[in-house]
Structure formats: structure tokens, C-alpha cells
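As C-alpha cells, the structure follows; a few thoughts come after it.
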Amino acid sequence: MEPLLRAELRTATLRAFGRPGPGCISEGHAYDTDAGPVFVKVNRRTQARQMFEGEMASLEALRSTGLVRAPRPIKVIDLPGGGAAFVMEHLKMRSLSSQASKLGDQMADLHLYNQKLSEKMKEGENTVGQVSLSTGQRAEGGEPQYVTKFGFHTVTCCGFIPQVNEWQDDWPTFFTRYRLQAQLDLVEKDYADREVRELWSRLQVKIPGLFRDLQIVPALLHGDLWSGNVAEDDAGPLVYDPASFYGHSEFELAIASMFGGFPRSFFSAYHRKVPKAPGFEGRLLLYQLFNYLNHWNHFGREYRGPSLRAMRQLLQ
């Protein structure tokens, strides 16, 4: 792989440092190059290019707001024999601790960003050099503009599972169709679980009630904000490995509140700017159900129990 990287990056220097990192989905390598240190993610799956292109688009979207720090994406490279490599800026990170409150504050600002763009647009301050209101793709030299729909301009992957992000006007429709139903279809394909099928037939008719009287403005999300995808360095907090789309801001908090890793200071700082809306706890459980199902489809039946418990709780 190193001759390919040297050619693709047009660097005479390509010196590995640190230890290769075997992650849950991809492996990682760090190199010194003529242009500075880079981090290279490698995945041999057939859909690796799609996965990395979605991650690249996500990093670009997050960085374009100027509100959160994330590695600068550089290039996706096809590998001989299949798979792909994703080259990005190397940042020296450590586990999130002292910067947790600041990250909570920044994530709240990120989630409010699209709403504030709407307010600026209404004031007539954001009318030149902008982009389609529905897609959020930037014109050359322009800044992101208010996005009216839920979705994203490309497929993103949460783990290795591709997620459809076709634009929808209605958030419950988007979430039910492209997140919950997509995961349940995979469960049905691999496990044909009768109990899941029965619970889902009852649960799906209750979902609209969880969003009654709630006005949801599309928010740009990281999309997979668990503790393994956040860090800090001397300059502040960092996020990485995103699976971005425009969705309900509460969706982001579901996996952040699962599996530990985020101290209370993160949530306190976040909710000072984005208070909990009525019905928050029920919707959080619904969003956690997505994450349990996604883990079941990635890692196997040990996540069947948590998935079923969440479904039963939602039906109470």
C-alpha cells in the first residue's frame, strides 16, 4: 500500500509512526509526509469507497460550520484487490475529559446552526452566493445556507451499513423509513425474528404520537456521536468518524448517552443552549432503539435483548 500512497499523495517522504490501530470497522495507520502527518483508514470491504466518501462529505459539512473541530479530509484511494483507503489530517488526540463541557456547548451550537441560518435568511442577510435550500450543498465560494428538509446530499454509513439519506419534508417519516425500518429489514433478513416483527407492527403506529406538537428544524448532525468518536487535544475538543445528515438534534444524544464515556458536564452544557422539549425521554429511547438495532446488525445477537427491551418500553 505504501507505494500507492506515496504516488497518490505525491510525497517523497512516507514514514510510518505509532502502532497500526485495528478499529471495529477499519484499521488505521499514521505516516509522516512532505506535507505533514496524515492518518490513513483502510477497509477491504467492497463498499469501502462509498463508506469513506460519506465520511469525507460529513467531515467537510461539519468543518464548514466553523463550530466544531474535526480532521481535514484529504483523499479517498481505491486499493488494488478491493477496498479503499481514506487519508486525512493526523491530529494527536487524547480521551475527552477536561473539554467535555466545551464540546457540549459546541454541539449545541452545531445543532442550532441551521436554525440561525433560517433566521438570518428571513432578515435578508444571507442571500448572495448561496445554495439550494433543500440540499445544503455549497456553491463555490459560498457558505452553507438554511436547509429545509431532512437528509443529506450523499449516502453515509453508520459503521459499515449504508444509510439512505433521500430528502424528506417530515422527520418522523425520514427516521422511521430510512433508519428504523432499514435496520429492521436487515434483522428480518438475517434472523427472521418473529418477536421483533410482532413488536414492530405495534410500535410503528405509535411513533407519530411521540412527535405530536413538536416543531423540528433540521439540524446538521455528527450522526454517530459515541465516546469513541470524540477526543481532545491542547487546543480543545475534537470529533471524528461522522455519519452526518440533517435530522432531529435529539437523535445525536441517544448514542452519546449509551455505553458511557460522556460526563454529565457535556449534557449540562448542551442543554443550557438546547433545553429538553416535552416528551424528550420517550424520543431518546426511540433513538436508542435505532442504535441497539444497528449494533445487532453489526455485532450479533447480544444486542437482541436490549433491542426488544427498548421496543417493549416504548409500547408501555
Would you mind reporting whether [Y] and [X] have side-chain heavy atoms less than 4.5 Å apart?
X: Met51; Y: Ser26; result: yes
X: Trp171; Y: Leu214; result: no
X: Phe152; Y: Ser244; result: yes
X: Leu238; Y: Arg69; result: yes
X: Tyr287; Y: Leu289; result: no
X: Phe266; Y: Val230; result: no
X: Ile255; Y: Gln288; result: no
X: Pro71; Y: Met93; result: yes

Non-hydrogen atoms of [X] and [Y] that approach each other most closely:
X: Phe150; Y: Asp170; value: CD1-C, 3.9 Å
X: Asp193; Y: Arg301; value: OD2-NH2, 4.5 Å
X: Leu293; Y: Leu180; value: CD1-CD2, 4.1 Å
X: Cys157; Y: Pro162; value: SG-CA, 3.6 Å
X: Ala269; Y: Asp105; value: CB-N, 3.9 Å
X: Arg44; Y: Pro80; value: NH1-O, 3.9 Å

Check step by step if side-chain contact (heavy atoms from CB on, under 4.5 Å) holds for Glu252 and Leu225.
-> CA-CA 6 Å; Glu252 195 93 282; Leu225 196 75; 3.9 Å; yes
Whether His90 and Phe17 hold their rings parallel, tilted or perpendicular, with breakpoints at 30° and 60° | perpendicular
Please work out whether the ring planes of Phe175 and Phe251 are parallel, tilted or perpendicular, with thresholds of 30° and 60°.
-> perpendicular
Under the side-chain contact (heavy atoms from CB on, under 4.5 Å) criterion, do Asp224 and Asp241 qualify, and how do the steps go?
-> CA-CA 7 Å; Asp224 191 16; Asp241 288 358; 5.7 Å; no
What about [X] and [Y], same hydrophobic cluster or not, with Ile/Leu/Val/Met/Phe/Trp/Tyr joined at side-chain heavy-atom distances under 4.5 Å?
X: Leu315; Y: Val205; value: no
X: Val155; Y: Ile25; value: no
X: Tyr270; Y: Trp226; value: yes

Worked verdict on Leu103 versus Val239 for side-chain contact (heavy atoms from CB on, under 4.5 Å) = CA-CA 9 Å; Leu103 180 61; Val239 299; 3.9 Å; yes
Would you say the side-chain atoms of [X] pair up with the backbone N or O of [Y], donor to acceptor, closer than 3.5 Å?
X: Asn114; Y: Pro218; answer: yes
X: Asn297; Y: Gln183; answer: yes
X: Arg179; Y: Val164; answer: yes

Among Ile, Leu, Val, Met, Phe, Trp and Tyr joined by side-chain contacts under 4.5 Å, find the other residues sharing a cluster with Ile77 and list them by chain and number.
-> Met1, Leu4, Leu5, Leu9, Leu14, Tyr31, Val38, Val40, Val42, Ile74, Leu79, Val87
Hits for ring pair (Phe, Tyr, Trp, His ring centres under 6.0 Å) against Tyr292, two or more places apart or cross-chain, chain-then-number order -> none
Taking side-chain contact (heavy atoms from CB on, under 4.5 Å) as the definition, give me every residue that meets it alongside [X], ordered by chain and number, with sequence neighbours left out.
X: Glu232; value: Arg94, Leu96, Ser97, Ser98, Gln99
X: Pro73; value: Met56, Leu59, Glu60, Arg63, Phe86
X: Ala12; value: Asp34

Would you give the length of the straight line joining atom [atom1] of [X] to atom [atom2] of [Y], rounded to the nearest 0.5 angstrom?
X: Phe52; Y: Gln47; atom1: CZ; atom2: CD; answer: 10.0 Å
X: Leu308; Y: Trp200; atom1: CG; atom2: CH2; answer: 13.5 Å
X: Tyr240; Y: Ser58; atom1: OH; atom2: OG; answer: 15.5 Å
X: Thr176; Y: Ile207; atom1: OG1; atom2: CD1; answer: 4.0 Å
X: Met258; Y: Ser227; atom1: CE; atom2: OG; answer: 11.5 Å
X: Ser307; Y: Glu302; atom1: OG; atom2: CD; answer: 10.5 Å

Going by an N to O cut-off under 4.0 Å, is there a salt bridge joining [X] and [Y]?
X: Glu55; Y: Lys41; result: yes
X: Lys149; Y: Asp169; result: yes
X: Arg194; Y: Glu198; result: no
X: Arg49; Y: Glu53; result: yes

Pairs satisfying ring-ring contact (aromatic ring centres under 6.0 Å, His included), at least one member in residues 178-198, at least two apart = Phe174-Tyr178, Tyr191-Trp296
Test salt bridge (charged side-chain N to carboxylate O under 4.0 Å, His left out) applied to Glu166 and Arg177, step by step | CA-CA 10 Å; Glu166 292 179 6; Arg177 180 181 301 169; over 6 Å; no
Does a side chain donor of either Thr154 or Asn165 reach within less than 3.5 Å of an acceptor in the other side chain?
-> no
His298 side chain to Asn294 side chain, donor-acceptor N/O pair below 3.5 angstrom | yes
Picking from His111, Arg283, Lys276, what satisfies side chain to side chain donor-acceptor pair (under 3.5 Å) with Glu250?
-> Arg283
Quick one: do Glu89 and Leu91 satisfy side-chain contact (heavy atoms from CB on, under 4.5 Å)? Show the steps, please.
-> CA-CA 6 Å; Glu89 171 189 18; Leu91 296 172; 3.3 Å; yes
Ring center gap for His153 and Phe245 short of 6.0 angstrom | no
